[in-house]
Amino acid sequence: MNHMDVLVIGGSGLVGSNVVRAADDRGADVTATYRTNETAETAVELDVTDRDVTAAVLQRTSPDVVVNTAAFHAVDACEEERDRAWTVNATGARNVARAADAVDAHLVHVSTDYVFPGHPAEAPYDEDDPVSPLNYYGRTKYAGEQAVQIADRWTVVRPSVVYGVSSGNFLTWALGELEAGNELTIVDDQVSVPTYAPDLAQACLEVFEKGLTGVFHAAGPDSMSRYEFTVGLAETFGYDPDLVSPISTEAFGQEAPRPTDSSLDSTRLYRALDREFRSPSRAFESIRSEWPAE
Ligand SMILES: NC(=O)c1ccc[n+]([C@@H]2O[C@H](COP(=O)([O-])OP(=O)(O)OC[C@H]3O[C@@H](n4cnc5c(N)ncnc54)[C@H](OP(=O)(O)O)[C@@H]3O)[C@@H](O)[C@H]2O)c1
């Protein structure tokens, strides 16, 4: 691959910070944006809901590829704050697509498994399965997927429960609790395919490098509940797995309805990249080697 200029929108987030790292490792020129959490002096402030600012940042940076990870993805809060959810996830995606098109950049847009209803008889879903989101977050993300198709060159990647080493995500929270010896009660009847952030980040750049356009599922290979995920985490890190107890979705009582099994089949992407993403058991081993995070 020749030299590339990469713009990572949402570079302060879990997925975005991993894309920044993957692009740095490739020797790319990288510009990362943030909205509220400035993580580096070189990062650029950008709110995708502001069409003019979005267009101006893309004009100024003139990237070859834009990876849009910006989202309002607090699933329950999206039920309450519908305007905000729509403006960031749908209108924001459209603003990015218009701006990317204007500078002839390839747009890689990160979506979600929550575009599917998650009926167990239907899973795992492939890219040709019809979407039908159960909650407002999923509706706004699907609207975002449609909006980015106004760009000339676009790729939508759909991960599922993303995990990695960064503050504020489920994995680091769970490890902190286990380390403190606290008991955790984790839902055991919502199944997905947890996705290791560094694998997703690499894929966001590889789809550009290989000229892959359209929709791709970009998730881990193993279906499991969050409870099973957390027990595996405790075992790998040598914590007492009995600290982790299962609870049903009904008893847990979340505001937004959740898919029961939103597992994605990522075969199309794995074939195109000639590799699979890591399973949680393999990923936990590499996380353990760099734990504790700074
Ligand atoms: N995390 C998951 O389990 C999961 C699962 C499936 C799909 N996804 C999708 O993956 C993508 C990345 O998620 P993530 O886990 O990396 O989220 P995250 O850690 O919360 O990061 C979100 C990023 O978006 C930025 N952002 C938020 N609102 C913005 C706005 N109006 N304009 C510009 N930037 C804005 C944030 O900036 P500041 O922090 O600076 O405010 C942050 O950099 C999202 O599209 C999400 O829907 C995530």
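Remember, it's 1-based here, ligands and their atoms both numbered in the order they're listed.
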Geometry only, no angles: is V110 polar-contacting ligand 1 at N/O separations under 3.5 Å? yes

Who's the nearest protein heavy-atom neighbour of atom 2 (C) of ligand 1, and how far? V162 N, 3.5 Å

I want to know if ligand 1 touches T36 in the polar sense, i.e. an N/O pair below 3.5 angstrom. yes

Sub-3.5 Å N/O-N/O distance, T33 and ligand 1: no

For atom 45 (O) of ligand 1, closest protein heavy-atom neighbour: K141 NZ, 2.7 Å

Short N/O distance, under 3.5 Å, between Y137 and ligand 1? yes

Is the distance between the ring centroids of F229 and F284 under 6.0 Å? yes

Would you tell me which option among R158, H73, R84 has the nearest heavy-atom contact to atom 1 (N) of ligand 1? H73

For the residue pair Q190 / Q254, report whether a side-chain donor-acceptor contact shorter than 3.5 Å exists. yes

Using a 4.0 Å cut-off to any heavy atom of S111, which atoms of ligand 1 qualify? 7 (C), 8 (N), 9 (C)

For ligand 1, is there an N or O atom under 3.5 Å from any N or O atom of G13? yes

Among the clusters formed by ILVMFWY side chains lying less than 4.5 Å apart, do V15 and L7 turn up in the same one? no

Please say whether Y34 places an N or O atom under 3.5 Å from an N or O atom belonging to ligand 1. no

Measuring from non-hydrogen atoms of P159 to any atom of ligand 1, is the shortest distance under 4.0 Å? yes

Any idea which atoms of ligand 1 are less than 4.0 Å away from a heavy-atom of L46? 32 (N), 33 (C), 34 (N)

Electrostatic pair R153-D104, nearest N-O below 4.0 angstrom: yes

Enumerated ligand 1 atoms positioned under 4.0 Å from heavy atoms of V161: 3 (O), 5 (C)

among protein heavy atoms, the one nearest atom 23 (C) of ligand 1 is G10 CA, 3.9 Å

Would you call R278 and E285 a salt bridge, using N to O less than 4.0 angstrom? no

Less than 3.5 Å between some nitrogen or oxygen of N37 and one of ligand 1, yes or no? yes

If you round to the nearest 0.5 Å, how far is CH2 of W154 from CG of D101? 12.5 Å

Heavy atoms only: which of G164, A74, A70, A71 is nearest to atom 27 (C) of ligand 1? A71

Pick one: which of T69, V48, V19 meets side-chain contact (heavy atoms from CB on, under 4.5 Å) with I9? V48

Among Y196, F277, F170, which one satisfies ring-ring contact (aromatic ring centres under 6.0 Å, His included) with Y163? Y196

Provide, to 0.1 Å, the distance between atom 16 (O) of ligand 1 and the closest protein heavy atom, together with that atom's residue and name. V15 N, 2.8 Å

Tell me whether V48 has any N or O atom under 3.5 angstrom from an N or O of ligand 1. yes

Could you identify the single nearest non-hydrogen protein atom to atom 28 (N) of ligand 1 and state the distance to 0.1 Å? R35 NE, 3.2 Å

Considering all heavy atoms, the nearest S192-S262 contact: CB-OG, 3.9 Å

Any ion pair linking R268 and D128 (charged N to carboxylate O, less than 4.0 Å)? yes

Any Lys/Arg nitrogen of R282 or D222 sitting under 4.0 Å from an Asp/Glu carboxylate oxygen of the other? no

Identify the two heavy atoms, one from A97 and one from L107, that lie closest to each other, and give their separation to 0.1 Å. CA-CD2, 3.7 Å

Applying ring pair (Phe, Tyr, Trp, His ring centres under 6.0 Å), run through F116 and H217 and close with a yes or a no. CA-CA 12 Å; F116 293 111; H217 290 175; 5.6 Å; yes

Tell me: protein heavy atom nearest atom 37 (O) of ligand 1, and distance? S12 OG, 3.3 Å

Locate the shortest heavy-atom distance separating V66 from P63; write the atom from each residue and the value. CG2-CG, 3.7 Å

Quick one: which ligand 1 atoms are inside 4.0 Å of a heavy atom on D47? 30 (C), 31 (N), 32 (N), 33 (C)

Is the closest N or O pair between L14 and ligand 1 shorter than 3.5 Å? yes

Pick whichever of N68, V19, T69 has a heavy atom sitting closest to atom 12 (C) of ligand 1. T69

